[in-house]
Amino acid sequence: MSELLQNLNDVQRQAVLHRNGPVVVFAGAGSGKTRIITTRIAYLIETGVLPWEILAVTFTNKAAGEMRERALHMAPETKRTMITTFHSASARWLREFAGELGYEPNYSIYDDQDVTRALKHIVKQLMPKGEIPTIVADMKHFLHHVKTAGVFVSEIEAYAQQYPAQVPTGGVQIYRAYQEFLAQSNAMDFNDLLLNVLLLLRKNERVKSILGARYQYIMVDEFQDTNRTQFEIIQHLAERHQNLMVVGDDDQSIYSWRGATPSNIIDFDRTYPGATRIALEENYRCTGNIVAAASKLVSYNKKRAAKTLFTNAPAGELIEVHLEVDGEMEAHWIAEEIYAARNTYDFEDVAIFYRTNAQSRSLEEALLRRRIPYTLYGSLEFYERLEIKDILAYLRLFANPSDDVSFLRIYNVPTRGLGDKALETLQVFATSRGLSLWKAAEVSVTDPALKGSPKLRYLVDLLKAMRTEILESPINEAVKTVLEATEYPAYLKKKYPDQYADKMDNIQELAAGIIEYEAKNEGASLADWIETVSLVREDAKGQVTKGVSMMTLHMAKGLEFPRVFIAGVEDGLLPHKNSVEDMAAVEEERRLLYVGITRAKSKISLTCAKRRRNFNNEMAHPPSRFFQEIPAELMALSFKAQEALQPEKTPVMVSYEYDEGLEGTIEEGSQVFHPTYGKGTVHGFDVHLGSRKAVVNFRDFGYRKIRPSQLQLRGYALD
DNA sequence: GGTAAAAAAGTTTTT
DNA sequence: CTTTTTTACC
Ligand SMILES: Nc1ncnc2c1ncn2[C@@H]1O[C@H](COP(=O)(O)OP(=O)(O)OP(=O)(O)O)[C@@H](O)[C@H]1O
């Protein structure tokens, strides 16, 4: 028997040995689902399948990375197997085939911020008046919604007729204009990556036959989180060979807001009648107490498929519950615990999970104070810094000259005397000729009849020279070239004198990231690096776990750590306040906690804070309602937690002490409160620069004109 | 058209 | 409270 098969139980072995035909593995947390996939990849290779004939996809970069590492460990040949996320796989197929849809292979991938910029631009052109910010936000939400649901732009008209309530005014028009803008910019957003692959597989016989033949064996992990589009892509890819293995757990479905459809796995045999079904029941990861607590908790969900999960492991320690007065103290306590137990648990063995990224800050500070090393995962901060975005915009523009969003960003950065007026002229010109902005700028300064401005000519010449140089030199010099040619450092120094050094450090880090990438991927082009950066947004430095791992509960899925802390287990955070109204949403929050708890191999602590600073004001959160659902005998409560968790003191429906002020309309005579100016009285209204403003006499600041949306109503003056 | 000061917005979760 | 956007003035 192959050595690979020896680390498996009988059921797992059956799954790994399963050769042809569809199969679904449905099992609870820590039962070895990922182990099945990684072992099966290695085993298939060992028994003659070529590494590149296997495709393994999952959902998050973190989980894909973990899977890649485990597989590599078993069979080095898996280096040539595509083990990745849906989005990265799609991006790669589109580099090959996007030409069939009218894109250039060097298309840009637009992230959330780019999408917002593009939408702003479009909304401004289509609806010159009105509250642009709210429209942009609404439209973004709408586009995200329909595109996640798999509604193509060609289908939006019909969709709007069928579900008028789902489509805001102007939605159809905006969707069309948006796709046109992206096509013009040779760009795709994250949803387009999937939709375009699906479109090719549906409509293009050539692509379908090439991709359909390419992968003999396809495996999908975390299948409960796939959406309709992803499942359909997989169906097309597997149609010819029918060797599809999907693996998942409906109790770990935590991406419903991204269109995840757990019925994909629950009703798998409806799509593939006769598919083999394999259930795993033994948890190999956690202690008895952890399995018992998590199982009981998730059993409170009404919507779930029945399953058994047991462990032969000893009961181990109790679930530790700790209550603190505020977020800072909570973080402090966690840091002290980690430090005190450093001989039992190496820092690398410890993870801290939380519901929202914003919570990481106080935790970081506490760890820093104790000098505990840590790695923060999933923080997008680095790529959102303005200096990084600026440099990236230049590089992206050189990889894809049609990229208008990038052009708009660097057009006057560093400042070179090109303002809104000149931009407007350029935009009108570009639209009338159907050209990208850069191309339009080029034409307008070369065509003598158009007498483009000298400033614009300077920009065009600069960009052209830079592009030539960058495309001809090794990619690790690209950042240097941009800095030198644009004199960006001088601009930074002038504009941000005190942050200059920090910002330059960040840029250096970006440059170091390119060098490292180039070393790892021989012959990689600038476009390859940009794609990686757009899709796998981890920090530029090499991602070797150093110290304590910190991440959101979402990101923790699929991982495991000996020692786990979950911070902020409070009503309002977990379940999150935006979810408490809706039963289904609360069930998802419960699953989130289930996922978090089952990441722990030996010990877990759940902490909450009585009060937590939001931005302006503090809010009080009672301990999470989920504590009532974990058997009391499995929990070790600290003294303070004991008091707070008395059942009668934790009402099922919790009311919050949000400082939201009174309900009602602000009118003349209203007593109002403003975050900066404090208390004041409304003395009338005025239409100022297109928006309605309240004229307020503030007690300490006198008269100001303020948008009513910024004011909180505090009562009425007595006549 | 550039800049500083004032006002508004932002924190659910990810590709 | 911090960061981004808008406005007022040069
Ligand atoms: N047959 C086995 N014998 C011993 N250990 C096992 C066995 N199968 C899996 N394990 C171990 O159990 C742990 C959980 O396995 P794995 O990550 O594959 O589970 P999973 O089902 O994918 O979990 P989850 O759904 O919670 O992410 C891992 O540490 C793995 O090495």
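All values below come from the heavy atoms of this structure, side chains included, with hydrogens, waters and symmetry mates left out. In what follows, every chain begins at residue 1, and chains take the letters A, B, ... in the order their sequences are listed.
- Here, C:dT4 and B:dT13 have their C1' atoms 23 Å apart, quoted to the whole Å.
- Considering only residues two or more places apart in sequence or on other chains, A:Tyr411 meets the ring pair (Phe, Tyr, Trp, His ring centres under 6.0 Å) condition with A:Phe407.
- Every residue two or more places apart in sequence or in another chain that forms a side chain to side chain donor-acceptor pair (under 3.5 Å) with A:Tyr178 is listed here: A:Asp189.
- Under 3.5 Å, the side chains of A:Gln224 and A:Glu222 contain a donor-acceptor pair of N or O atoms.
- The interatomic distance linking A:Met555 (CE) with B:dT13 (P) rounds to 10 Å, in whole Å.
- In this view, A:Asn186 and A:Tyr103, A:Glu104, A:Asn106, A:Tyr107, A:Asn400, A:Ser402 satisfy the side chain to side chain contact (heavy atoms under 4.5 Å, CB included) rule, not counting sequence neighbours.
- Listed by chain and number, the residues in a side chain to side chain contact (heavy atoms under 4.5 Å, CB included) with A:His144 are A:Thr148, A:Asn191 (sequence neighbours excluded).
- Qualifying side chain to side chain donor-acceptor pair (under 3.5 Å) partners for A:Ser88, counting only residues two or more places apart in sequence or in other chains: A:Thr85.
- A:Glu589 is linked by a side chain to side chain donor-acceptor pair (under 3.5 Å) to A:Arg355, A:Ser579, counting only residues two or more places apart in sequence or in another chain.
- Taking 4.0 angstrom as the limit, A:Asn357 places a side-chain polar atom (N or O) nearer than this to OP1 or OP2 of B:dT14.
- Distance check on atom C1': B:dT14 versus C:dT3 gives 22 Å, rounded to whole Å.
- Base-pairing analysis of DNA chain B finds the following stems of at least three consecutive Watson-Crick or G-U pairs, with both pairing distances under 3.5 Å: B:1-10 with C:1-10.
- Side-chain proximity of A:Thr552 to the nucleotides B:dT3, B:dT14, B:dT11 is greatest for B:dT14.
- Evaluation of the side chain to side chain contact (heavy atoms under 4.5 Å, CB included) rule for A:Arg409 yields A:Arg117, A:Leu386, A:Lys389, A:Asp390, A:Ala393 as partners, not counting sequence neighbours.
- For the C1' atom pair drawn from B:dT12 and C:dT5, the interatomic distance equals 24 Å after rounding to whole Å.
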Protein-nucleic acid N or O pairs under 3.5 Å, nucleotides 2-5 of chain C:
none

